[in-house]
Amino acid sequence: MKKKIIYALAVLLMIITAPTYAQLTDPGEPDGGVGDHDPVGGGAPIGSGLALVIGLGLAYGTKKTYQVTKEEE
């Protein structure tokens with residue numbers, strides 16, 4: 001019974017907080033805020049950051065693989 005209550009509470013909180021993720025538009029614009037706008041981040045490129053994350057993931061995976069094979073010997 002306790003699991004059902006926790007599950008129902010979690011679902012209820014997700015439903016209540018979901019509308020807070022919506023982005024509001026500028027009410028002063030005639031088309032309701034839809035149009036040719038720059039993204040919130042200003043159109044910053046993410047290519048170098050993505051390459052960095054992938055590189056660190058590969059390095060971490062290589063290290064873990066090396067540790068596992070070393071322990072098996």
Margin query: Connecting only ILVMFWY residues whose side-chain heavy atoms lie within less than 4.5 Å of each other, what is the rest of Tyr60's hydrophobic cluster?
Written below: none

Notebook entry, point to check: Does Leu13 have any side chain to side chain contact (heavy atoms under 4.5 Å, CB included) partners at least two apart in sequence or in another chain, and if so, which?
Noted result: Leu9

Notebook entry, point to check: Apart from Val53 itself, what residues make up its hydrophobic cluster when side-chain heavy atoms of I, L, V, M, F, W and Y under 4.5 Å apart count as a link, directly or indirectly?
Noted result: none

Checklist line | Transitive ILVMFWY cluster of Leu12, excluding itself - 4.5 Å side-chain cut-off | finding: Ile16

Check: Mind checking who shares a hydrophobic cluster with Ile15, ILVMFWY linked at side-chain heavy-atom distances under 4.5 Å?
Finding: Tyr7, Val11

Notebook entry, point to check: Mind checking what makes side chain to side chain contact (heavy atoms under 4.5 Å, CB included) contact with Gln67, not counting sequence neighbours?
Noted result: Lys63, Lys64

